[in-house]
Structures are given as C-alpha cells and as structure tokens.
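Because only heavy atoms are used, hydrogens play no part in the values below, and waters and symmetry mates are left out as well, while side chains stay in.
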Amino acid sequence: MSYNVVIVDDDEFALFLHSNLIQAVGLHKSPRTFNSALKALDFFAILAENTTPILLFLDINMPVMDGWDLLDIIHKEGFDKKIEVVMVSSSIDQRDKDKAATYSKVIDFVEKPFRKANLEGLMQRLL
C-alpha cells in the first residue's frame, strides 16, 4: 500500500535520522518532516483532496502541542484522513505505551531512535 509518510518530532536530529532510515529501507522516497504538530496539521489540511493514506511517525513530548494533543485531534469525528500512527518516543514509561494503545489509529510504539529492523518489521505488517 502506498502512503504519505509524515514524521513529527521537535528534535531536528531525530527528523534527519528517521527520514534517512525510512528512505534506506524503501518505505518512502521522500517522507515529509515537521518539527511541530501544528505544522503537520497544516500539511494534513493541504492534503484535503488526496486520498492516499498517511503513515505518521509521531513523537510524544513536544512544545506547544504534544503528540497526545495531535492524537486527540486525529481521533475526533471531523478528522477525515485515513491515518495510521507509529508513536516514536524516548519514553520507556509503560503508562505511555498503555495510553498509546487506547488510540485506535496507533499501530505501533517504538523507542527512539528507531532502527532499521523496526521499519522492516513495520513494512511487513503494512503489506
């Protein structure tokens, strides 16, 4: 399946690393990267007519709007994009993993930095 791949993280190094890994495993040639959840929401609005599903790699802890806030918006009734979310966090707190599991659009939770093996496994599940 083809996806619009989006990475949201306030850490520029994580954006760079994760983007390069996504390209290296062949998941997407040019994933979109955003250093804030608000910028990602603006991008989602631009995709209004695009029916290609979104695969979102989302950090939890960010200033202004964190990953949980963005997940809440994505799960509201008015959000009409087909989207699957992979939470990517430095958190090892089981409560974060448990909370992520309560969101129907979250398909995975991986610790930063994610590795090639994480992406290869994800690609197998998405095919």
Side-chain angles (χ1 to χ4, degrees):
M1 176 180 281
S2 176
Y3 287 90
N4 284 309
V5 176
V6 176
I7 308 165
V8 179
D9 198 310
D10 62 321
D11 180 336
E12 294 294 332
F13 179 72
L15 286 174
F16 174 79
L17 176 65
H18 295 165
S19 178
N20 283 333
L21 281 171
I22 286 168
Q23 292 173 50
V25 299
L27 182 59
H28 199 273
K29 290 182 182 177
S30 56
R32 297 297 306 252
T33 60
F34 299 97
N35 63 2
S36 82
L38 292 173
K39 290 178 184 177
L41 278 176
D42 290 342
F43 176 69
F44 297 156
I46 292 169
L47 293 176
E49 300 299 316
N50 189 326
T51 59
T52 304
I54 299 166
L55 179 59
L56 172 62
F57 293 89
L58 180 62
D59 183 27
I60 294 175
N61 297 312
M62 296 181 286
V64 183
M65 177 186 284
D66 66 18
W68 301 124
D69 294 333
L70 182 55
L71 276 176
D72 288 340
I73 291 169
I74 288 169
H75 281 82
K76 286 188 178 171
E77 197 169 310
F79 191 86
D80 60 356
K81 307 271 183 285
K82 177 160 177 25
I83 188 165
E84 294 179 315
V85 181
V86 177
M87 301 301 294
V88 183
S89 179
S90 56
S91 173
I92 58 170
D93 189 334
Q94 186 61 44
R95 290 175 295 188
D96 285 332
K97 294 176 183 179
D98 293 342
K99 183 175 180 178
T102 67
Y103 290 90
S104 63
K105 296 181 187 307
V106 173
I107 61 170
D108 204 353
F109 188 108
V110 296
E111 293 176 19
K112 278 187 190 179
F114 60 66
R115 295 164 186 74
K116 189 175 179 181
N118 296 120
L119 291 173
E120 291 169 342
L122 177 64
M123 285 176 57
Q124 292 300 318
R125 290 193 314 264
L126 293 175
L127 295 177

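Asp10 meets the side-chain contact (heavy atoms from CB on, under 4.5 Å) test with Asp59, Met62, Pro63; sequence neighbours excluded. Evaluation of the side-chain contact (heavy atoms from CB on, under 4.5 Å) rule for Asp66 yields Trp68, Asp69 as partners, not counting sequence neighbours. Evaluation of the side-chain hydrogen bond (donor to acceptor under 3.5 Å, both in side chains) rule for Lys99 yields no partner, not counting sequence neighbours.
The aromatic rings of Phe79 and Phe44 lie perpendicular to each other, with more than 60° between the two planes, well past the 30° mark.
Residues Asp108 and Asn118 form no side-chain contact, since every pair of their non-hydrogen atoms from C-beta on lies 4.5 Å or further apart. Counting heavy atoms from C-beta on, the side chains of Arg32 and Val5 never come closer than 4.5 Å. Side-chain contact between Val8 and Lys39 is absent, with no heavy atoms from C-beta onward closer than 4.5 Å. Between Tyr103 and Asp72 the shortest side-chain heavy-atom distance falls below 4.5 Å.
Residue Leu58 is grouped with residue Leu41 when hydrophobic side chains (ILVMFWY) are merged at heavy-atom distances under 4.5 angstrom, including chains of intermediate members. Side-chain heavy atoms closer than 4.5 Å link hydrophobic residues (I, L, V, M, F, W, Y) into clusters, and following such links, even through other members, never connects Val85 to Ile7. Using a 4.5 Å cut-off between side-chain heavy atoms of Ile, Leu, Val, Met, Phe, Trp and Tyr, with links allowed through other members, Phe57 and Ile54 fall into different hydrophobic clusters. Under a hydrophobic-cluster definition in which Ile, Leu, Val, Met, Phe, Trp and Tyr are linked whenever side-chain heavy atoms come within less than 4.5 Å, directly or via other members, Ile107 and Leu21 are assigned to the same cluster. The hydrophobic clustering, which links ILVMFWY residues whose side-chain heavy atoms are closer than 4.5 Å, places Val86 and Ile83 apart.
Of all heavy-atom pairs between Ser2 and Thr52, the closest is O-CG2, 3.5 Å. When all heavy atoms of Ser91 and Glu111 are compared, the closest pair comes out as O-CG, 4.0 Å. Contact detail for Phe109 and Ala100: the closest heavy-atom pair is CD1-CB, 3.7 Å.
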Quick one: do Leu56 and Ile74 satisfy side chain to side chain contact (heavy atoms under 4.5 Å, CB included)? Show the steps, please.
-> CA-CA 11 Å; Leu56 172 62; Ile74 288 169; 3.7 Å; yes
Trace of the side chain to side chain contact (heavy atoms under 4.5 Å, CB included) decision for Glu84 with Leu126 | CA-CA 10 Å; Glu84 294 179 315; Leu126 293 175; 3.5 Å; yes
Stepwise, does the side chain to side chain contact (heavy atoms under 4.5 Å, CB included) test hold for Val6 with Phe43?
-> CA-CA 9 Å; Val6 176; Phe43 176 69; 3.7 Å; yes
Check the pair Leu119, Phe114 against side chain to side chain contact (heavy atoms under 4.5 Å, CB included), reporting the backbone distance first and the verdict last.
-> CA-CA 8 Å; Leu119 291 173; Phe114 60 66; 3.4 Å; yes
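Separation of atoms NE2 (His18) and CG (Asp9) is listed at 7.0 Å; rounding is to 0.5 Å. Between the CD1 atom of Ile73 and the CG atom of Leu38 there is a distance of 7.5 Å, given to the nearest 0.5 Å. Taken to the nearest 0.5 Å, the CG atom of Leu71 stands 9.5 Å off from the OG atom of Ser104. Between His75 atom NE2 and Lys105 atom NZ the span is 5.5 Å, to the nearest 0.5 Å. Rounding to the nearest 0.5 Å places NZ of Lys116 at 13.5 Å from CD1 of Ile22.
Taking the six-membered ring wherever Trp is involved, the centroid distance between the rings of His28 and Tyr3 does not fall below 6.0 Å.
A salt bridge is defined here as a Lys NZ or Arg NE, NH1 or NH2 lying under 4.0 Å from an Asp or Glu carboxylate O, and Glu120 with Arg115 fails to meet this definition.
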